[in-house]
Amino acid sequence: MNIFRFAGDMTHLISILVLLLKIYATKSCSGISLKTQELYALVFLTRYLDLFTDFISLYNTLMKLVFITSSLAIVWCMRGDPAVRRTYDKEIDTFRHYFLVLGCFVLALLLHEKFTVQEVLWAFSIYLEAVAIIPQLVLLQRSGNVDNLTGQYVLFLGAYRAFYILNWIYRYLTEARFTRWIACISGLVQTALYADFFYYYFISWKNNAKLKLPA
Amino acid sequence: NSEDDLHDEL
């Protein structure tokens with residue numbers, strides 16, 4: 001474990017806490033893409049298949065449980081809770097995320113560490129996580145105004161993988177045989193997708209203005 | 001060795 005990876009995990013955890021706060025405090029999921037949340041639930045379920053077979057550390061196991069349960073709770077709440085469900089932007093959350101799932105699965109069948117069920121699904125989860133934010137970014141562009149908690153949620157979510165990139169650089173420099181090309185390249189694509197969001201977020205912060213993404 | 005095979009990152 002290094003400080004970059006720990007900062008990344010904490011930033012990721014904060015993003016989830018901000019989203020839970022928004023949904024439970026405001027009893028609203030307006031501005032949140034259910035499709036992105038469903039993709040994240042799929043990412044964690046397919047990535048942490050080793051939860052009960054490989055014990056890395058208490059921290060690792062705990063965080064996996066937190067990510068799986070929180071992502072499922074958010075999807076369940078957005079689909080099930082009548083009060084929250086009413087605020088879901090159903091008519092603009094229309095990105096066809098099934099294509100993302102299919103594309104990532106085909107890619108995982110072609111590019112993986114080992115051709116085993118667990119490794120192919122692990123690669124699938126890495127590729128899917130890289131593109132899972134797309135329905136959310138599309139929804140924010142369509143909805144125009146972005147409320148503070150939603151903006152902070154996306155900001156922390158984007159920042160976490162940027163910390164992981166620093167972690168991979170650090171591990172590459174300090175560990176003899178460290179090569180994680182699948183995670184590194186996907187992580188770069190994932191962070192790059194947030195580039196324009198980061199830019200408009202910085203502009204709105206600098207001008208102390210409301211965050212608006214151009215359509 | 002098995003250590004490398006494990007995905008030790010989240």
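For clarity, every value in this text was computed on a predicted model and none was experimentally measured. In what follows, every chain begins at residue 1, and chains take the letters A, B, ... in the order their sequences are listed. Every heavy atom of this structure was used, including side-chain atoms; hydrogens, water molecules and symmetry mates were not.
At most 12 heavy atoms of other shown residues, nucleotides or ligands fall within 6.0 angstrom of atom OH in A/Y170. Within a 6.0 Å radius of CZ in A/F198, more than 12 heavy atoms belonging to other residues, nucleotides or ligands are found. Crowding of A/Y172 atom OH: a count of heavy atoms from other residues, nucleotides or ligands under 6.0 Å not exceeding 12.
Among residues 132-139 of chain A, no residue has any heavy atom closer than 4.5 Å to a heavy atom of chain B.
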Side-chain donor-acceptor contacts of residues 2-12 of chain A below 3.5 Å, not counting sequence neighbours, with atom names and distances?
| residue | atom | partner | partner atom | Å |
| --- | --- | --- | --- | --- |
| A/N2 | OD1 | A/F4 | N | 3.0 |
| A/N2 | OD1 | A/R5 | N | 2.9 |
| A/N2 | ND2 | A/N167 | OD1 | 2.7 |
| A/R5 | NH1 | B/D8 | O | 3.2 |
| A/D9 | OD1 | A/Y164 | OH | 2.6 |
| A/D9 | OD2 | A/Y59 | OH | 2.8 |
| A/T11 | OG1 | A/A7 | O | 2.6 |

Show me the donor-acceptor pairs within less than 3.5 Å that the side chains of residues 64-73 of chain A make with the rest of the protein, sequence neighbours left out.
| residue | atom | partner | partner atom | Å |
| --- | --- | --- | --- | --- |
| A/K64 | NZ | A/D50 | OD1 | 3.2 |
| A/K64 | NZ | A/N60 | OD1 | 2.9 |
| A/T69 | OG1 | A/L65 | O | 2.6 |
| A/T69 | OG1 | A/V66 | O | 3.2 |
| A/S70 | OG | A/V66 | O | 2.8 |
| A/S70 | OG | A/F67 | O | 3.2 |
| A/S71 | OG | A/F67 | O | 2.9 |
| A/S71 | OG | A/I68 | O | 3.0 |

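A/S186 meets the side-chain hydrogen bond (donor to acceptor under 3.5 Å, both in side chains) test with no other residue; sequence neighbours excluded.
Side-chain contact check for A/R47 versus B/H7: every heavy-atom pair is 4.5 Å or farther apart.
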